[in-house]
Amino acid sequence: MSDHITIHKAEGAWVVRAGGAVIAESRNALELTEGGMGPVIYFPREDVAMAFLDRSDSSTACPHKGVASYFTLRAKSYDIADAAWSYEEPNTGLERIAGHLAFYADKVTVEQL
């Protein structure tokens, strides 16, 4: 694992909201911090309403985490392109985030309850 990435269990309960709907809610979320960037909350897939998400054709590669797949959020009256991402086969040392999704806080509301 890259020495500038830390992963630990996020304290308390976390929620994702968009278009008036709760998209994810978890007490088992992970908090990933990378370098000087702010923390990112990763939600276990089983705590995400996957019916609202469709895999998009987008992907990116991070030299530290691996290849990210993206998801478009189908809100009630609009779509939010690439609102979430997942490292389905993360690089060695970051396996804890496999099976988790993170959401862009500038596209949806991600907050601690």
Side-chain angles (χ1 to χ4, degrees):
M1 174 167 56
S2 177
D3 60 357
H4 77 284
I5 296 175
T6 60
I7 302 170
H8 63 272
K9 187 176 182 314
E11 291 186 26
W14 287 83
V15 67
V16 175
R17 292 186 180 95
V22 173
I23 306 302
E25 186 171 349
S26 183
R27 291 190 168 279
N28 297 307
L30 298 174
E31 183 178 278
L32 182 144
T33 305
E34 183 174 1
M37 295 186 280
V40 176
I41 303 300
Y42 281 77
F43 291 81
R45 198 173 285 244
E46 60 266 17
D47 293 341
V48 177
M50 294 301 294
F52 288 101
L53 297 169
D54 288 331
R55 185 182 302 274
S56 76
D57 292 332
S58 300
S59 67
T60 57
C62 171
H64 304 291
K65 295 185 291 287
V67 176
S69 300
Y70 288 81
F71 297 82
T72 293
L73 176 61
R74 306 292 180 196
K76 185 174 183 179
S77 57
Y78 54 91
D79 293 343
I80 304 171
D82 296 342
W85 72 92
S86 175
Y87 291 95
E88 301 190 14
E89 295 182 23
N91 289 346
T92 301
L94 298 171
E95 294 87 357
R96 287 181 70 188
I97 63 171
H100 289 68
L101 281 91
F103 294 82
Y104 283 105
D106 62 341
K107 295 184 177 192
V108 299
T109 300
V110 179
E111 62 187 354
Q112 187 176 20
L113 297 177

Restricting to non-hydrogen atoms, name the atom on [X] and the atom on [Y] that form the minimum distance, rounded to 0.1 Å.
X	Y	answer
C62	N91	O-ND2, 4.1 Å
D82	K107	O-NZ, 3.4 Å
A98	E88	CB-O, 4.0 Å
S26	D47	OG-OD2, 2.6 Å
V108	A18	CG1-CB, 3.7 Å
E95	T92	OE2-CA, 3.4 Å

Legend entry - ILVMFWY network linking V15 to V48, side-chain heavy atoms under 4.5 angstrom: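 No: no chain of side-chain contacts under 4.5 Å links V15 to V48.
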Legend entry - Shared hydrophobic cluster, Y78 / Y104 (ILVMFWY, side-chain heavy atoms < 4.5 Å):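 Different hydrophobic clusters.
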Quick check on [X]: does its [atom1] atom have over 12 non-hydrogen neighbours (other residues, nucleotides or ligands) under 6.0 Å away?
X	atom1	result
E89	CD	no
F71	CZ	yes
D106	CG	yes

If you measure from [atom1] on [X] to [atom2] on [Y], what distance do you get to the nearest 0.5 Å?
X	Y	atom1	atom2	value
E111	W14	CD	CH2	9.0 Å
R27	E11	CZ	CD	12.0 Å
R55	M50	CZ	CE	7.5 Å

Quick one: side chains of residues 30-45, donor-acceptor pairs under 3.5 Å with protein atoms, not counting sequence neighbours, listed by atom name and distance.
residue	atom	partner	partner atom	Å
E31	OE2	H8	NE2	3.1
E34	OE1	K65	NZ	2.4
E34	OE2	H4	NE2	3.4
Y42	OH	W85	NE1	3.1
R45	NH2	S86	OG	3.4

Inset, instruction - Evaluate the criterion side-chain contact (heavy atoms from CB on, under 4.5 Å) for residue pair L53 and L101; output intermediate values, then yes/no. - result: CA-CA 11 Å; L53 297 169; L101 281 91; 3.9 Å; yes
Legend entry - Residues in side-chain contact (heavy atoms from CB on, under 4.5 Å) contact with R74, at least two apart in sequence or another chain: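 Only D54, T72, D79 meet the side-chain contact (heavy atoms from CB on, under 4.5 Å) criterion with R74.
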Inset, instruction - Please assess F103 against L73 for the test side-chain contact (heavy atoms from CB on, under 4.5 Å), listing each intermediate value before the final yes or no. - result: CA-CA 10 Å; F103 294 82; L73 176 61; 5.7 Å; no
